[in-house]
Amino acid sequence: MENVTMVTPLKQPIVFELEGFYVPPGYGAFLFVLALCNYMVMLFANGVVLCIIVIDKNLHRPMFVMVCNLVVCDLLGGTTVLPRFMVHFLTGQKKIAYISAIAQAFCVHTYGFAMQTILGVMAYDRYIAVCDPLRYHAIMTSARLHSCCALAWATAVLCIVVLFAFHVNAPLCGNTIKHVYCSNRAILNLACSPTPLNNIYGLSMTWFPSLSQNIKRFFSILFIVIPPVINPIIYGLPIVFELEGFYVPPGYGAFLFVLALCNYMVMLFANGVVLCIIGIDKNLHRPMFVMVCNLVVCDLLGGTTVLPRFMVHFLTGQKKIAYISAIAQAFCVHTYGFAMQTILGVMAYDRMMENFTSNSFMLQLEGLNVPDDSMHHVFVVIFLSYLFIMFANIGIAVLVCMDNNLHQPMYLLLCNLLFSDLLGNSILVPRLLIDMLRPPSERIISYYECVLQAFTSHMFGTTAHTVLMIMAFDRYVAICYPLRYHTIMTNKMVIKLTVSAWGVALVLVGILLGLTIRLNRCRTVIESHYCDNAGLFKLSCDNVFINNVYGLTFTVVLFTASIGTMVITYTKITVVCLTSKSKSLNSKALKTCSTHLVVYLVMIFSGMSIIALHRFPQYTYYRKMCTVFFHIVPGSLNPIVYGLQSKEIRMFSSNVFRSKKVFAK
């Protein structure tokens, strides 16, 4: 009698192991990146097509509605398989739970079947459009369109549900799926007994050619990967955008074309010369210049992406751009912008590494040299001032946020000033108080902390001007154009003014500090009680002529713009008040503008005192005290001045405290 080996069926829950790919050692990360790039391209391309069709009402036609269904089908297929491929490539993990395996197989088969039914419905739509165009809109009504799409999906889902219903309870005697992803056939191959019914039904839905296992795997991957990437490109081709472009005055097109052409030729010539020189001269084959070559290539990419199309627009007036060209241009523009930042970051790292051995990263602050007998008094005054600044500024900001009546441009812009005061004082005062309690030899600060302190300090000083400038504009509109105030000072305008105030400060201060951190350092003592740009570049033994020129230009431009804005706006406000016989207008101008003017005068006086005392080294102690007052005095006065003068803030504060008293009783 022959021995019969009995195979015991596996009990659910089962954990399968996919045979997967053979990944050579060291190639996992590379294959992961390939799969990730494919998945990102698929998501981006299909997402763009979907968004364009949804947004553009001109595309709300049967053909593009069916394309949307095809896009959803592609996203289903790609998302079902590619993320698990990436996990497999990166970690080597091949195990998959029974429920996950069934879900993956179901989605893969639904994707494959729905692809056929949707393309069939699209073929029917094209047949009607070409063979019976006059009756197209009568036949392809909205109801019939939705019925066709629903039928395509319902047929696919129903057929796949029946397919899987045959083997849900089939006993399985193995757990190794000999495929790269789960499918109906791969799971049925693990069944303990023959499955003729499943085979007949499966064969009625598809075919099984006699190909090698590797060929089947290869084509099964292509079936999942290629269509989701190709479909949005193919079906996006009919989509043509129209760029808004420039307004070109009649007769100026040729002139603008010549300007753009000259700009493009100069860009090509200059970058090409730099590239050739670095390529030819072996003395320039150093890391810094290799990175410069990358920057040059990035510049050529950005310019070539945009300028030729500008020239076509100027010369011919052509504004249309095909879908593929639009995607390519957008991709290149964003790549240029992002690569510019990353390359500059790498170049900054290179500079840091070059300076690492010669530059000390620990600096010593000279500190605020206060006589011992008055040390504690000064400490207490500064400490209490800081507490008041934090409490008062945060309190006013909270009141503005809580009271809907204070959601006006004036108070929203005031919040920027409060935030600037909090930023400037929080970066300086706590460190100053700590250093006052330390002996001079222990007032150590790291280079990076010093740069951060200098950046924040200059941002505070610059935004004090820019924010007060936009507040002056607000008062000018309120007094000179009261009837148009709410149409001019909209929420959008407030956001623009806020972004411009902080954006200008960020750019100016960023360049200021950028010119300084590039310098080598041969000293370690900051001759001040806190870090600023002047203190940092004085540590260098390099030529700081550019730093001095830019710093002086920065100061002159900022003060000129600030004082000029105040003079112009308040002159016009004064003229309006003198020529107007309205007492209410004059009273409003006096109340709202006086607070702003007082704050500005305090700030400008403190700032100019520091600049003046920089020219007299013998008054270093007074200069240091002025810098402390420049931070503390405006930060303390701003909430007081605006809080006392603002009727709305006083009323809301009194209501809050009154309600608290009533609640306490």
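Below, all heavy atoms of this structure are taken into account, side chains as well, without hydrogens, waters or symmetry copies. We count residues from 1, following the sequence as given.
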Could you tell me whether the side chain of [Y] reaches within less than 4.5 Å of the side chain of [X], counting heavy atoms only?
X	Y	value
Met347	Val292	yes
Thr569	Met469	no
Phe419	Val467	no
Ile470	Thr466	no
Met340	Leu295	yes
Met267	Leu300	yes
Ile382	Val628	yes
Trp502	Thr463	yes

*Is the charged tip of Arg286 near the ring of Phe289: under 6.0 Å from the six-membered ring centre and within 45° of its axis?*
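Checked: cation-pi criterion not met.
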
*Less than 6.0 Å separating the ring centroids of Tyr476 and Tyr570?*
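No, the ring centres sit 6.0 Å or more apart.
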
Compare every heavy atom of [Y] with every heavy atom of [X], then report the nearest pair and how far apart it is.
X	Y	value
Leu417	Leu468	CD2-CD2, 4.0 Å
His285	Gly279	NE2-O, 3.2 Å
Tyr485	Met410	OH-N, 4.0 Å
Leu418	Ala397	CD1-N, 3.8 Å
Thr456	Leu452	OG1-O, 2.7 Å
Asn294	Ile343	O-CD1, 3.6 Å

Surrounding [atom1] of [X] (heavy atoms of other residues, nucleotides or ligands, distance under 6.0 Å), is the total greater than 12?
X	atom1	result
Ile546	CD1	no
Met375	CE	yes
Asp373	CG	yes
Phe383	CZ	no
His407	NE2	yes
His334	NE2	no

Can you tell me how far apart [atom1] ([X]) and [atom2] ([Y]) are? Round to the nearest 0.5 Å.
X	Y	atom1	atom2	result
Leu414	Tyr411	CG	OH	8.5 Å
Arg443	Gln364	CZ	CD	9.0 Å
Leu413	Gln408	CG	CD	11.0 Å
Ile517	Leu512	CD1	CG	11.0 Å
Ile632	Asp421	CD1	CG	11.5 Å

*Look only at the side chain of Arg518 and the backbone of Leu515, and say whether a donor-acceptor pair between them is shorter than 3.5 Å.*
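Answer holds: yes.
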
*Between the side chains of Asp532 and Ser457, does any donor sit under 3.5 Å from an acceptor?*
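Side-chain D/A pair, Asp532 to Ser457: absent.
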
*Anything under 30° is parallel, anything over 60° is perpendicular, the rest tilted; go ahead and classify Phe460 against His631.*
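The arrangement is parallel - the two ring planes meet at less than 30°.
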
_So that I can tick it off, tell me whether Glu449 and Arg431 are bridged by a salt bridge, with the cut-off set at under 4.0 angstrom between side-chain N and carboxylate O._
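Salt bridge present between Arg431 and Glu449.
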
